[in-house]
Amino acid sequence: LSYGNMEGRDENRQQTGNFTAADTCVTMAYSKRFTSLMAYGVNLKFIKQSIDTISSTGLALDIGLFYSPATLFNKLSRNITFGLNIQNIGPQMKFLNEGYNLPLSITAGVGYRIGGITIGCDVKNYVYEGQTVVGFGTEYVPVTSLALRAGYLLPLSALPASPMTKRGELNQGEISPRSAWRTASG
């Protein structure tokens, strides 16, 4: 991801010339089923961030678990899936001798499939930021290789803590339409 040319300024706000900035992430992924009901996946990410001639590189790991009760209970449970994900496990990155953490997050979610549409809800905790976000979304798969998605993210702080507290503003959320190409059926 290149941010293009930006105008440089000194401490007196005088123009010093242009510079560029970019972020790069190369990911290797592996997934496997434990059983017919459970699967796991792992991403190893090489990350590079650069501003002008200065850059920072690092490695991070994502781990995910997927559980589908399938035929364990009844027909209703066959359409339910559960997931758990931990993203950006890794050491601090350094930029100009200053260390910073990647946004470590832990997410748990549930999905329910109705025909060709899946609806879902997840809760994501950003560990270092101390923020929790609730996400609601849907996915429609019109053909095997295309998934259309739409969702809404809502910071947990925007929800009322109890009937006795002041209600938060619900416009703090984010609507995020997305599309994705699928390379495997299922």
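Keep in mind the model is a prediction, meaning the values are calculated, not measured.
The structure places OH of Tyr67 at 7.5 Å from CZ of Phe82, a figure rounded to the nearest 0.5 Å. Rounding to the nearest 0.5 Å places CD1 of Ile89 at 6.5 Å from CG of Leu104. Distance check, rounded to the nearest 0.5 Å: CG of Asn101 to OH of Tyr128 gives 4.5 Å. With values rounded to the nearest 0.5 angstrom, Ile114 atom CD1 is found 8.0 Å from Asn79 atom CG.
Of the possible polar contacts, one joining the Asn88 side chain to the Pro103 backbone as a donor-acceptor pair under 3.5 Å is found. Distance alone, capped at 3.5 Å, is enough to place a donor-acceptor pair between the Thr138 side chain and the Thr118 backbone. Side-chain N or O atoms of Asp10 include one that pairs as donor or acceptor with a backbone N or O of Asn12 at under 3.5 Å.
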Report task. Starting from the C-alpha separation in whole Å, work towards a yes-or-no answer on side chain to side chain contact (heavy atoms under 4.5 Å, CB included) for Thr132 and Val123. Result -> CA-CA 7 Å; Thr132 301; Val123 177; 3.5 Å; yes
Requested in this report: Could you give me the CA-CA distance, side-chain angles and deciding distance for Ser68 and Thr81, then say whether side chain to side chain contact (heavy atoms under 4.5 Å, CB included) is met?
Outcome: CA-CA 5 Å; Ser68 178; Thr81 55; 4.0 Å; yes
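No side-chain N or O of Lys124 forms a donor-acceptor pair with one of Asn85 less than 3.5 Å apart. Side-chain contact, Gln49 with Tyr100: a donor N or O sits under 3.5 Å from an acceptor N or O.
In the hydrophobic clustering of ILVMFWY residues, with side-chain heavy atoms under 4.5 Å counting as a link, Leu65 and Tyr30 come out together. Residues Ile119 and Ile80 fall within the same hydrophobic cluster, defined by Ile, Leu, Val, Met, Phe, Trp and Tyr side chains chained together at heavy-atom separations under 4.5 Å. Under a hydrophobic clustering in which Ile, Leu, Val, Met, Phe, Trp and Tyr are joined whenever their side-chain heavy atoms come within less than 4.5 Å, directly or via other members, Leu59 and Ile63 fall into different clusters. A single hydrophobic cluster is seen to contain both Val42 and Leu84, as judged by linkage of ILVMFWY side chains at heavy-atom distances under 4.5 Å, directly or through other members. Tracing side-chain contacts under 4.5 Å through hydrophobic residues (I, L, V, M, F, W, Y), one reaches Ile106 starting from Val110; they form part of the same cluster.
No option in Met93, Lys48, Glu98 other than Met93 meets the side chain to side chain contact (heavy atoms under 4.5 Å, CB included) test with Ser56. Among the candidates Asp122, Val133, Asn125, the single residue satisfying the side chain to side chain contact (heavy atoms under 4.5 Å, CB included) test with Thr107 is Asp122.
What you find for Val141 and Val143 is that their closest heavy atoms are CG1-O, 3.1 Å. In this structure, Asp62 and Gln87 approach most closely via the heavy-atom pair OD1-CA, 3.3 Å.
Partners of Tyr40 under the ring-ring contact (aromatic ring centres under 6.0 Å, His included) rule, at least two apart in sequence or in another chain, are Phe34. With sequence neighbours excluded, no residue satisfies side-chain hydrogen bond (donor to acceptor under 3.5 Å, both in side chains) with Ser50.
Side-chain contact between Val127 and Ser105 is absent, with no heavy-atom pair separated by less than 4.5 Å. Ile51 has its side chain within reach of Phe95: a pair of non-hydrogen atoms, C-beta onward, lies under 4.5 Å apart.
A 6.0 Å sphere centred on CD of Gln15 holds more than 12 heavy atoms belonging to other residues, nucleotides or ligands.
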Would you list the atom pairs, donor with acceptor, under 3.5 Å between side chains in residues 17-29 and any protein atom, with sequence neighbours excluded?
unit_1: Asp23; atom_1: OD2; unit_2: Tyr3; atom_2: OH; d: 2.5

